[in-house]
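See below for the structure under consideration.
Every chain is numbered from 1 and lettered A, B, ... according to where its sequence line falls, protein lines coming before strand lines. All values reported here derive from a predicted model rather than from experimental measurement.
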Number of protein chains: 2
Amino acid sequence: MYRIGELASSFKVKNDTLRFYEKHGLLTPSHRSESGYRLYTEQDKKILSFILRAKTVGFSLADIHELLSIEVDKDNNACADVKIVVDAKLEEVERKIAELSHFQKSLKQLSDACCGGSGSAAQCTILEALESDINNLRPEHHHDEQE
Amino acid sequence: MYRIGELASSFKVKNDTLRFYEKHGLLTPSHRSESGYRLYTEQDKKILSFILRAKTVGFSLADIHELLSIEVDKDNNACADVKIVVDAKLEEVERKIAELSHFQKSLKQLSDACCGGSGSAAQCTILEALESDINNLRPEHHHDEQE
DNA sequence: CTTGACCTTTGACTAATGTCTAAGGTTTAT
DNA sequence: ATAAACCTTAGACATTAGTCAAAGGTCAAG
Ligand SMILES: [Zn+2]
Ligand SMILES: [Zn+2]
Ligand SMILES: [Zn+2]
Ligand SMILES: [Zn+2]
């Protein structure tokens, strides 16, 4: 059993964050001590890890809540209902990956086109691209001065 | 030249959003009409598209501002300075992609393990996984009832 | 020359996600 | 038995990214 401070610090979040998640129904500690301290189990810890990982990839707390709370009306749902939610999230993740990959490609092009030298940025291909057309940049550039 | 409403609606954002971006130094229309209307050029439109694309992949407006505003002190920066910023963003993007891929894998495992049938979710592998261990789920399940 | 659709500004408001403060109770170590 | 480090609650505050409303100016069509 972890107390709030232990669990929070092991994930580098604030105690307040855990209380906030509890208030919003995302993670309720499985136990309380006699004096009212929150006591988190290994299972609670796994849920927290799930929440934080989902968050870092762009799910909102509402999304996460939806995922976690299917659990609750388990008996009023079929496998199909559960799977639909997961598949929707999966699609969302895949869309995000596609967008990120697109963006990565643009940035990579920008980066590759720039010499990275010490010459003035006035001739920098990256800046030229930003000025003129982000999606259609010249592949090379050179400086007249030393680099 | 586009007026605010045209540009906004062509990207399905609110006029207010464009004014907000302007106020925060992200996108200033290149011209104003005599009567003070904002007039956006094709170039402005490209910048907007860049901003929105960057946003959908998780960059904050502050990040985007940083990227766009290198332009400004061009003469006080070397190519190297510019490239550093782009490369930092690129790394960030690649980290996000890695995280998303990890998450995608988990979701895919969850999805694949669930039969998706009409049987009660009480035996659903997804829910079992959420209950017990999100990262270590049983690969299969079956229902005793009809599906 | 008025009507309706558009634009301007300023400033208040919202929602999501925390973060901090105040006032106090608990546990552990010395 | 007292200090240090922890916990409790309620509620105020912060940040990001808008969104809306009020009061008014502009422009094209009938
Ligand atoms: Zn260069
Ligand atoms: Zn360069
Ligand atoms: Zn099933
Ligand atoms: Zn299932």
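The nucleotide range of DNA chain C contacted by chain B, defined by atoms under 4.0 angstrom from heavy atoms of the protein and reported 5' to 3', is C:dC6 to C:dT9.
Regarding B:E34, its CD atom lies at a distance of 13 Å from the C1' atom of D:dC27, rounded to whole Å. A:Y37 places its OH atom 5 Å from the C1' atom of D:dC6, with the value rounded to the nearest Å.
Side-chain atoms of A:T125 come within 3.5 Å of backbone atoms of A:A113 as a donor-acceptor pair (strictly under, hydrogens ignored). Judged by distance alone, with hydrogens and angles left aside, the side-chain atoms of B:S101 form a donor-acceptor pair with the main-chain N or O of B:I97 at under 3.5 Å.
Residues B:L68 and B:I51 form a side-chain contact, since some pair of their non-hydrogen atoms from C-beta on lies under 4.5 Å apart. B:L7 is not listed as a side-chain neighbour of B:R38, based on a closest heavy-atom distance of 4.5 Å or more. Contact annotation: the side chain of A:L110 approaches that of A:L107 to within less than 4.5 Å [non-hydrogen atoms, C-beta and beyond]. Under the 4.5 Å side-chain criterion, counting only non-hydrogen atoms from C-beta, A:S106 is in contact with A:H102. Looking only at side-chain heavy atoms (C-beta outward), A:Y21 and A:L61 come within less than 4.5 Å of each other.
Pairs of residues two or more places apart, or lying in two chains, that qualify as salt bridge (charged side-chain N to carboxylate O under 4.0 Å, His left out) and include a residue from residues 26-37 of chain B are B:E22-B:R32.
In this structure, A:I4 and B:F59 both approach DNA chain D, and ranking their closest nucleotides by distance from the 5' end singles out A:I4. Of the two residues contacting DNA chain C, namely A:S35 and B:R38, the nearest-nucleotide position lying further toward the 5' end is that of B:R38.
Within the 4.0 angstrom heavy-atom criterion, only backbone atoms of the sugar-phosphate kind lie near A:S60; the bases stay farther away.
Annotation: proximity of residues 11-25 of chain A to DNA chain C (heavy atom, distance under 4.0 Å) is found for A:K14, A:D16, A:T17, A:F20, A:Y21, numbered in ascending order.
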